[in-house]
Peer 1: 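Attaching a single structure in structure tokens format; questions to follow.
Chain identifiers are assigned alphabetically (A, B, ...) following the order of the sequence lines, protein sequences preceding nucleic acid strands; residue numbering begins at 1 within each chain.
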Amino acid sequence: MTWDVALILVTDGLANGAVYLLAGLGLVLIFSVTRVVFVPFGDLAAFAALSLAAFETGRVPPTIGLVAVLAALALATEIGSLLRRGEAARIPKALLTWGVLPAVPCVLAWLAARPGVPVAVHIAVAVLLVVPMAPLLARVVFQPIADASVLVLLIVSLALHFLLSGLGLLFFGPEGSRTTPLTSAMFTLGDGFTVSGQVVLMVGAAIVLSGLFFLVFERTVAGKALRATAVNRVGARLVGIRPVRTALLAYGCASLLAGLIGVLIAPVTTMYYDSGFIIGLKAFVAAIIGGLVSYPMTALGALAVGVVESFASFWSGALKDVIVFSLLIPVLMLRSFLAAHSEEEEDEVDQ
Amino acid sequence: MKSLMQTLARGTLAAALTACGIASALAADLKVGLSVSLSGPNSSLGVPYAKGMQAALAYKGEVEGRKIQLIVLDDGSDPTTAGRNARKLIEEDKVDLLMGTSGVPAAIAMAQVGKEAKTPMIGLTPILLDAAENPWVVTVAQPTQLMIDAVVERMKRNNVKTVGYIGFTDAWGDLVYNALMKAAPAAGIKVVSNERYARGDASVTGQVLKIVALRPDAVMTGGAGTPGALPFLALQERGYRGGVYGQHGLINPDFVRVVGAAGQNALMPTGPVIVAEQLPDGYPTKKIATDFRAVFQKVNNASTSDAFSAYSFDGWLVFADAASRAMKKAEPGTAEFRVALRDAIFSTREVVGTHGVYSFKPGNLYGVDERARVIVKLDNGQWKLAP
């Protein structure tokens with residue numbers, strides 16, 4: 001292996017690592033606030049990528065229908081639970097939150113599917129279209145079982161992934177899609193070594209977004225509420241933070257991340273209806289390296305996963321994924337040695 | 001009251017007799033059972049297969065004055081369902097012939113049932129079976145070796161001395177690699193790499209870097225469908241200048257869509273039907289391929305650009321030819337007819353189809369020769385005949 005090759009592999013690895021970083025942040029965010037390992041995260045990214053591809057081929061993305069149906073389901077669930085609790089007066093507000101708000105990206109997407117709409121609008125709408133999905137799914141599926149054990153939540157989350165990837169197959173067909181690059185710029189560094197603008201964009205997006213994350217958690221009330229819920233839900237409730245609301249905020253942020261991942265990687269990899277799962281799985285490895293709580297460790301883990309994957313594909317293409325997932329074994333062993341086994345299962349909190 | 005009863009009884013009797021009459025008329029028809037993937041991951045191939053079959057039915061709906069009845073079942077891309085469909089077609093519908101399906105494992109499952117129930121089958125995919133042990137099945141698809149031989153011939157003509165290989169980690173990747181390893185040394189071409197990737201992989205940068213470092217004159221790819229586009233894209237990204245060759249698994253509109261400019265000038269083998277209009281007038285399959293295009297357009301109200309619907313059409317032609325000879329020996333719907341049909345299929349001589357000219361003989365699943373392949377070049381998203 002020469003330095004050139006190593007350099008190319010590192011660049012490729014960092015570009016992939018940037019994607020896993022964003023996905024890992026989303027996973028850690030959701031897990032720390034709600035104890036849900038959000039397996040369908042990757043599916044949402046795939047939905048964003050395939051919706052963008054649908055716009056490019058001049059079709060109306062079927063995701064619109066999915067969001068609309070989910071919104072209707074969430075609205076029905078919300079109204080049902082309000083009526084049961086005898087709080088009918090709050091129905092208009094629920095109508096606004098669960099009916100009108102998710103309908104906005106649907107209408108925008110519908111309008112953007114006309115010919116002659118600039119690419120930038122398509123990208124923005126493809127991301128927006130994904131944003132309501134995780135909160136809606138959470139309202140319909142996870143909120144009613146928020147007190148269940150981590151294992152039950154994981155199983156439900158896995159089932160949700162299978163449902164979504166099945167819908168993806170139905171909507172987008174078995175063949176993959178690739179979108180036109182967001183930028184065609186090439187940067188030449190030194191001796192004939194080039195980096196494509198798309199890779200720079202991916203790494204840049206990861207840096208900027210993790211920076212934003214840091215600022216939001218450190219400087220804003222909402223971020224502090226998220227952190228507080230993550231640290232101790234009972235305590236958070238005692239100081240007036242509503243877990244339901246913070247959970248929805250977490251899902252919304254993660255959904256936004258998934259949408260951004262989708263449009264960032266769609267031009268460099270062919271996205272299939274089921275590509276999301278493997279992205280989610282590798283991000284999960286990164287999140288495990290971060291112990292599902294630490295953002296900086298997750299970021300480092302994601303970059304490590306990306307680089308290891310890239311080098312593994314050079315040494316043995318067939319064993320690439322085996323090598324990446326084998327990373328979990330030493331990490332888990334190390335963590336189990338270092339972790340203090342003082343407390344048993346965490347206290348369960350009711351909403 | 002009594003008269004009413006009598007009328008009712010007479011009516012029932014008459015109805016029963018008519019039903020018997022219809023049933024006996026149906027039994028006299030030729031029956032073809034098609035199981036194909038109309039849903040599931042293979043449906044992108046299964047749907048064209050079914051459409052091609054409808055075109056074939058419209059093109060040739062009867063043999064020697066007997067109508068052909070086509071029964072279509074969906075196997076949902078699942079081999080188990082395909083096997084069950086085959087059993088249902090044989091036991092309940094009493095078909096004379098099985099046809100199918102879009103996946104190789106599912107086609108094998110069907111062939112096994114056909115063998116058990118002594119019903120001939122015309123497969124539409126390259127079925128991987130021992131021909132000596134499966135005397136009831138043939139296939140109209142081209143054998144992989146025949147196609148790869150054409151690629152190697154073309155490499156030799158283009159003065160390729162070394163070739164790098166990159167293909168799927170699955171059976172398809174192995175099949176193409178083995179065929180390449182068999183043909184290349186004989187042509188004086190050295191295969192310098194055997195890189196693999198999975199269908200779902202996001203990037204093959206590592207594998208392609210390794211190939212580019214070896215500086216082969218050409219690269220052969222062993223992928224299929226849209227995931228098959230990945231090596232083309234990665235090679236272009238690395239600025240590879242040599243020729244890139246593909247195989248017939250890539251002849252698919254979705255591949256063309258995804259590969260885009262990176263597939264420019266890529267060479268691959270396919271059945272001649274893909275470039276029917278560009279064939280010289282004397283080419284044996286040109287006329288029937290043009291006829292097929294016309295009848296497909298009429299039946300499905302859309303033009304055809306895929307290879308799969310044409311396989312269905314060819315299978316149907318082989319069946320119609322064999323049935324006309326088998327009917328001289330036995331009555332359709334009987335076990336004797338199925339044996340006669342099997343023997344007739346295995347004595348098929350020079351039946352001209354859209355993909356090639358078919359001649360089957362016992363002990364061989366495949367029935368095509370060099371006339372069943374042409375090399376095409378991808379030129380601005382269109383397949384062009386590369387003479």
Peer 1: Side chain from CB out, backbone as N, CA, C, O: work out which of these in B:A198 comes under 4.5 Å of a heavy atom of chain A, or both, or neither.
Peer 2: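 Nothing of B:A198, per the 4.5 Å heavy-atom cut-off to chain A.
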
Peer 1: Just checking, B:K210 and A:F314: is the charged tip under 6.0 Å from the six-membered ring centre and within 45° of the axis?
Peer 2: yes

Peer 1: Can you tell if the side chain of A:T11 reaches within under 4.5 Å of the side chain of A:V199, non-hydrogen atoms only?
Peer 2: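 A:T11 reaches A:V199 side chain to side chain.
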
Peer 1: Side chain, backbone, both or neither: which part of B:S203 has a non-hydrogen atom closer than 4.5 Å to chain A?
Peer 2: both

Peer 1: If I measure from the heavy atoms of chain B, does A:S177 come under 4.5 Å with its side chain, its backbone, both, or neither?
Peer 2: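 Contact with chain B is through both the backbone and side chain of A:S177.
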
Peer 1: Relative to chain B, which segment of A:D321 carries a heavy atom at a distance below 4.5 Å: side chain, backbone, both, or neither?
Peer 2: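 A:D321 touches chain B through side-chain heavy atoms alone.
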
Peer 1: Between B:W172 and B:H248, does the ring centroid distance fall short of 6.0 Å?
Peer 2: yes

Peer 1: Heavy-atom distance under 4.5 Å to chain A: side chain of B:I166, backbone, both or neither?
Peer 2: neither

Peer 1: Between B:D217 and B:K190, is there a side-chain N and carboxylate O pair less than 4.0 Å apart?
Peer 2: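 So B:D217 does not pair with B:K190 through a salt bridge.
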
Peer 1: Pick from B:V208, B:V204, B:T169, B:T205: which one has the most heavy-atom pairs with chain A under 4.5 Å?
Peer 2: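 Answer, by heavy-atom pair count under 4.5 Å with chain A: B:T205.
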
Peer 1: For the interface with chain B, which of A:M186, A:R178, A:K320 has the highest count of heavy-atom pairs at distances below 4.5 Å?
Peer 2: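 Most pairs with chain B among the choices: A:R178.
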
Peer 1: Between A:A266 and A:A49, what is the shortest heavy-atom contact and its length?
Peer 2: CB-CB, 3.7 Å

Peer 1: Only pairs of heavy atoms separated by less than 4.5 Å count here; which of A:L319, A:N16, A:I8, A:I278 has the most with chain B?
Peer 2: A:I8

Peer 1: Treating B:T221 as the side-chain partner and B:G223 as the backbone partner, does any N or O pair qualify as donor plus acceptor under 3.5 Å?
Peer 2: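 No.
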
